[in-house]
Every structure is written in C-alpha cells, then in structure tokens.
Amino acid sequence: MKSLKFKYIIAAICVLVLFTTSSCDTEDFLDNENKSNLTDQTQWASEGNADIYLNDVYSEIIKKWNNAENLDYYTDDYNISHYYTASNWRQGICIAPSSSTTGVWGGTHGPTDGYSWSNFFTKLRKCNTFIQKVDENRENFSDEWYNKRMDEVKFMRAYFYSEFFMHVGGLPIIEIPLDRNTMSEDEMLFPRATFKETFEFIDNELNTIVNNGNLPVKYSSGDPEAGHATIGAALAIKGWIELFVASPLFNTADPYLPDPDNFVHMGSYDAGLWTKAAATNKKFIDEMGGGAPYALFSDAKNLFRAANEYNSEIIWDRQMLDVTGMGSNYERRGGPTYVLGQYMCWGNYNPTQEVVDQYCMANGKVITDPESGYDPQNPYVGREQRFYNDIVFDGAEYKLDWMPATDVIYTRIDETYANPDKTNQIDLAGKTDVGDSGYYQRKRLNPDAAPANDASGQNEIYYRYAEVLLNFAEAQNEATGPNADVYAALNELRARVDLPALPEGLSKDEMREVIRRERRVELCFEGKRYFDNKRWKIAEQTMGNQRHNMVIRNSVPSNNSGVWVYSIEEEVKWTAKFEMKQYMNPIPTDVIDQNPNIKQNPGY
C-alpha cells in the first residue's frame, strides 16, 4: 500500500477525534503527545501538529467524481433524462437560489461542481488561518518546512479561487481570517473584486509559487507527500486560467450582458493575454515536459487505471482509497446499465451523437470528409483508437477486469425481446436508468472495480499533460497563427493514438477548428467541455439546440429478419434552451442580504 494511503487511513482515524482530516507520518504517529486535544496553542507548537491542520486544508478538495451530477451533464457531450439540476439548466431554467447550495436533485441554480458560496469561504478561511497562525508561530518551524508549507497553502487558496472564479467571476479577495469579535462590520463586508482583479490575484499567487521553487516539480507513486501541491500543478493551473480569461467570452469590451462593474469580463480586449497564456504553457512544456518529469503516458487506454496513479502525465489529482467514506463512486453512476444480464449502475454517462461524431477515422480524416471511408450505416468500423477506448456503442464487446466474461452491449430497439427494460436498449422516454443516447461511456471507469459505493480507489485526475499541450496550441494559434510549435504539440497527442500528423499549411481558422475538435475528443468526460463551451462563447449554439441520439431499428421489426437501420434523431425528453445569463452562475440572495457590498451577476 502506498505510504500516502497509510497516511490517509491514519487521517480517517484522526477525523473521528478531531473532526478534521489529519495526517500522521511515522514519527508523529509514534509520538506520545495526545493529538486528540490540540488547542490553538499546541496546534502550532510543532511542524507535526501544524501538518494535522494542513491536511484538513487538503481535505477541502472537492471529490468531483463522487458528485451525483458532474459538469459534463451541462454540456453537449451527454444526453441525460434524469431529475437533476442539469435537466432544468439545459431547458434554460436558472435563477438565484435563496441560499448557498450544491443541490443536484431538481435544483434551478445551475452547475456548481461541488462549490458553493458557503463552502468556498470555509476553504478560504482554513487557508488564511493556516497562513496567519504559522506566521504568528514562526519560531516553531524550520525554514525549509515554513517555506514549503506556506507555498502549499497559498497554492490551495489560489486553486480554490480558480475553481469558484470560473463559475461566478469576480470574488472578494480575502487574505486574512475574518473575526467578528475583533473586526467591525465594515472590515468584514468585503465587496466583489472585478473579474480582472480576481484573475490577477490568482495568477500572481501561482506565479510567485512557481518562482519561489520551494515545492517539488512532481510527486511519484509511493512518495510520502504524493497528493500535495507541486510546482507542476501551480504552473499548469496558471497556464489554464490565463487561457480561460484570454478567451472570447471574457477578453472583450463587449460582455455577453451589461456588466458595468466588470464582474464577468475583463473590461477591454487584450491580445497580449493570448501571448501570456502561450508563454506559460510553453514554459511548462520546455522546462517540465518531455519526461522531465512530465510526458504523455504511452498507454492512453489505461491512463485512468488505479495502478497507474502518478504516471508521467498526471499533474494534479485528488487521493482516493477503496475504503468506506474515502472511495470513488464514479462507476456506480455510469457505464452500461446492464452487464452480463445484471443491473450494475444508473446509466447516467450517455455520450451524444455530437461528441461521437468528433472522433476521426483511423486514417486521421474527419467523418464528413468524403475520402474518410466513413459509412453512416456501419458507423463504428475503422474509427480512431480513442473512440474504442472511450465509447460503448451498439454491438461493442465490453470486458473490464472485474468481469468474469465478455459481454456484448446492444442499444438497438429490438421488438422481439420480451422485456426491453431489462436490457441496454435505448430508452428514448427516459423512464428507466437505461441510457437515452444509444451510447455509454467507457473512459475513466476503473477496470478493476465493479460498480459500488466506495469500491474504487482510483484517484480523481484534474489536470494532466495532454491538457497543457492543448492549452499551448490554442493560445499560440490565437497569438501568432499555426507555427511549428503548434503542430508539434498536436501531433504529439495524435501520435500516441496512431493518428497521422496534421496536414501542413492550415490557416489560423482551420487550425482553431482542429484544436477544438482535438480538445473535445482528448479531454471528453473530464469536466472540461463545460468551460470550453463557456469561454469560447458558443453555448448559445451547443446548448440552445437539441442534441441527438443514435436510434437503431430493424427494417422488419417483428422478427429482425431485415437490416438494422442507423438513424440519428433529436432527443425527445427535453426541449433545449439557453439564456445568455447562464454563462455565469447566480449569487444566492441570502449572500447579498447578508453583505450589501456583494452585487448580483448579470441577468439574475
């Protein structure tokens, strides 16, 4: 068992006593000091005691994969007909909630990814308290510990800011713990900073951490502190957040709705933001890529396998353990609903025809190219490797390592079957857990763990090297056009899955289309598409129009003696609608009631 897993098991024991997630290395564990009665004085009396508080900060990382509803439900990559908040959002229903919430069952507040105004400020307070208390007790800590731990917590603070910023825009910039006993109301009621000010705070914090050099570049499996912040994580998130703000929705003087306080846009267009994002991502590639120590993991199909945690591609993830309360439930919610005749999961992860059509043929040509060889009545033959890695389609052989035998998954409408509700036959009415699109997801499912609560110890991967390559390619193409470095980044990704190199001579617009397609396929079902639809300002098209299913029927349905006909049809359960205000989330009304300095986002 990995040493960090040992630490987290000890942490789970400490939770019962301390009501915090704690971590004890061997020395601390053998120490006779009673850690169950830490006071404010003893909490900061030693590095070991302070580390207990530090791990409580790390425990605040959202278990995104365990959310019943993930960000992909809010995109054109999934077709879901379930009673989630996403089902309302995709119909254009999004209003300011009365209170801070992350509810997923029929809510009308929009996507949260597990973040709320309430829990964001809990995370922020923990970070600020650690920084303040460690400074107040500086004499108790070595220089090496102090410099490393302070940068770790400042990274965590910047990370939490970046996550919430992408949903709501400008946030109050608070760098001290607020105290109602010593501070006046005016001192505590921070206003929202502008979008630009919030971005600059995050960006500058991450830049300082990278330049300080106090953190390791990367951890490997078995390192005692694997799962802690690294320079690689700081630089990767810096490059991403710079790309995010450089994008069309935000990098403009003309916001999507009137925004006089500049909470959801930069206030003016700045072409230099593309250059900045390109430079940061190129710095990562040049200084940390190519195996020093980051590189694409050679086996794309097994990238997400628990046995391959902390491989060369993983930059920032969250530790998970296959024990009660600490495991992943991701497999419980998606994949084929029925496996080997048994009900196995909720069947939630249903790729749309839109995302399926983005996968190339094995010859590298898109399916709309007349020379690609694509046959719409035999659509699953000759596709690129990632299609077979990621998608379960009608007639697909399905075998994960926990399964005793191979299954064949059929999603076609088979009128000869006695009880279609007990198969994976497409459920166009959305009345059962069977999928609604004609497809299921294979990507990210742990092949070693049968669907069950806490059954998987697979770490949740949030940033990986492939995304850095894509971030760079996009930013560089927008800054200068498709130079040799852009081609090199994309071709490196394509080579891993045996796709031919891109043709030379693409224009900037043509390369933009290639990058967006490549990004959608490579990062599909990883919670990235929602932010891409947002920042590219295309959600009014992608989410304002009906998505499509693959419906397969026999030409002689009474006995299946005819041919199977593949028909791409609009989803039928919901009518898609997108309001421009949905680009950013509303602020709960009680937040504004409690702090009149907080103003609402446009359109709510």
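Values reported hereafter were calculated over all heavy atoms of this structure, with side chains retained and with hydrogens, waters and symmetry mates removed. Since we're looking at a predicted model, the values are computed, not measured.
Salt bridge status for R386 with D390: absent, with no side-chain N to carboxylate O gap under 4.0 Å. Between R494 and E518 a salt bridge is recorded (basic side-chain N to carboxylate O distance below 4.0 Å). Using a cutoff of 4.0 Å between basic side-chain nitrogens and carboxylate oxygens, R519 and D532 are scored as salt-bridged. The pair R529-D72 does not count as a salt bridge, with every side-chain nitrogen at least 4.0 angstrom from each carboxylate oxygen. The pair D401-R305 meets the salt-bridge criterion, since a charged nitrogen lies less than 4.0 angstrom from a carboxylate oxygen. Using a 4.0 Å cut-off between charged side-chain N and carboxylate O, K528 and E522 make no salt bridge. A salt bridge does not link K283 with D286: none of the charged nitrogens is closer than 4.0 Å to a carboxylate oxygen. Taking the charged nitrogens against the carboxylate oxygens, R520 and E354 have no contact shorter than 4.0 Å, which rules out a salt bridge. A salt bridge links E242 to K238: at least one charged side-chain nitrogen sits closer than 4.0 Å to a carboxylate oxygen. Between R444 and E526 there is no salt bridge, since no side-chain N of the basic residue sits under 4.0 Å from a carboxylate O of the acidic one.
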task = I would like to know whether V339 and W402 meet side chain to side chain contact (heavy atoms under 4.5 Å, CB included); could you show each step before the answer?
result = CA-CA 11 Å; V339 176; W402 60 265; 4.1 Å; yes
key: Evaluation steps, side chain to side chain donor-acceptor pair (under 3.5 Å), between S507 and D509   = CA-CA 5 Å; S507 69; D509 290 345; 5.4 Å; no
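Under 3.5 Å, the side chains of E460 and Y330 contain no donor-acceptor pair of N or O atoms. A donor-acceptor contact closer than 3.5 angstrom links the side chains of Q476 and T480.
The aromatic ring centres of F250 and F199 sit 6.0 Å or more apart. In summary, the aromatic rings of Y73 and Y84 are positioned with their centroids under 6.0 Å apart. Outside the 6.0 Å centre-distance limit, the rings of F297 and Y465 are not counted as a close aromatic pair.
Of the listed residues (Y380, Y566, Y359), just one forms a ring-ring contact (aromatic ring centres under 6.0 Å, His included) with F393, and that residue is Y380. Under the side-chain hydrogen bond (donor to acceptor under 3.5 Å, both in side chains) test applied with S456, the options D448, N446, N329 reduce to a single match, N446.
Remark: Y417 pairs with no residue by the side-chain hydrogen bond (donor to acceptor under 3.5 Å, both in side chains) rule, at least two apart or across chains. Not counting sequence neighbours, the partners of E540 by the side-chain hydrogen bond (donor to acceptor under 3.5 Å, both in side chains) test are Y583. Partners of E478 by side-chain hydrogen bond (donor to acceptor under 3.5 Å, both in side chains), not counting sequence neighbours, listed by chain and number: R512.
In this structure, Q425 and I413 have side chains that are in contact, with non-hydrogen atoms separated by less than 4.5 Å.
Ring geometry, Y338 versus Y343: the interplanar angle exceeds 60°, so the pair is classed perpendicular (tilted spans 30 to 60°).
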